[in-house]
Amino acid sequence: MSYLANFNNENAKQILMDIIRCVNQPENSKKLSQAKASAGKEMLLMMQHVFPLVMQLQLEVIKGHGFPANREGLVQFSQLVREMERDDMEIARLRSQIRAIYLPPIAINTTNDILI
């Protein structure tokens, strides 16, 4: 758990940028494009096909930064980042970029404040 002792905003930004680079590598980008194509705009299918790929790529990256390469490590990293993004807009922006990979935009009718 020594990785937690030195974890700070700069580490978080670096890891988030590494995740984005990993996702954008040609092989990974191709896999994600295929998964998105098979899911279409169906949220359930996105969560079944795209989400697991993104999580696996994140696990590979955080492992290289000392976090455990398992669900617990990913949850721990995500919680730390969520706390930091409240005070650091760059961390919030990077996390948002990653979330946009597996969460399609949701149309909101602002007149009636309901989801369409």
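The figures that follow rest on heavy atoms only: side chains count, while hydrogens, waters and symmetry mates do not.
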Side-chain atoms of residues 43-53: list all donor-acceptor pairs with protein atoms under 3.5 Å, sequence neighbours left out, distances to 0.1 Å.
none

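Between the Ser78 side chain and the Leu74 main chain, a donor and an acceptor come within less than 3.5 Å of each other.
Ala12 and Val81 make their closest contact through CB-CG2, 4.4 Å (heavy atoms, listed as atom of the first residue, atom of the second, distance). Across all their heavy atoms, Asn11 and Asn6 have their closest contact at OD1-O, 2.6 Å. Heavy-atom minimum distance, Ala35 versus Ser38: O-OG, 2.9 Å. In terms of heavy atoms, Cys22 sits closest to Val61 at CB-CG2, 3.8 Å. Across Leu59 and Asn70, no two heavy atoms sit closer than the pair CD2-O, 3.2 Å. Nearest heavy-atom pair, Glu90 versus Arg93, reported as atom, atom and distance to 0.1 Å: OE2-NH2, 2.6 Å.
Between the side chains of Gln25 and Arg21, no donor-acceptor pair of N or O atoms lies under 3.5 Å.
Taking CG of Leu57 as the start and CD1 of Ile19 as the end, the distance is 9.0 Å to the nearest 0.5 Å. A distance of 10.5 Å separates OG in Ser33 from CG in Asn28, rounded to the nearest 0.5 Å. Considering CD1 of Ile15 and CD1 of Ile62, their distance stands at 8.0 Å, rounded to 0.5 Å. Here the CZ-NE2 distance, from Phe7 to His65, works out to 9.5 Å after rounding to the nearest 0.5 Å.
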Derivation of the side-chain contact (heavy atoms from CB on, under 4.5 Å) call for Tyr102 and Val23: CA-CA 11 Å; Tyr102 60 88; Val23 165; over 6 Å; no
Assess whether side-chain contact (heavy atoms from CB on, under 4.5 Å) is satisfied between Lys63 and Glu60, documenting all intermediate values. CA-CA 5 Å; Lys63 176 183 168 187; Glu60 291 173 18; 5.9 Å; no
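Contact check for Ile101 versus Lys36: side-chain heavy atoms found under the 4.5 Å cut-off.
Hydrophobic clustering places Met17 together with Leu80 (ILVMFWY residues linked when any side-chain heavy atoms are closer than 4.5 Å, directly or through intermediates). Follow the hydrophobic side-chain contacts under 4.5 Å out from Met55 and you reach Leu94 in the same cluster.
In terms of the side-chain hydrogen bond (donor to acceptor under 3.5 Å, both in side chains) criterion, residue partners of Gln14 (sequence neighbours excluded) are, by chain and number, Asp18. Taking the side chain to side chain contact (heavy atoms under 4.5 Å, CB included) definition, one finds that Glu27 meets it with Lys31, sequence neighbours left out.
For Arg95 and Glu85, the salt-bridge test passes: some basic side-chain N is under 4.0 Å from an acidic carboxylate O.
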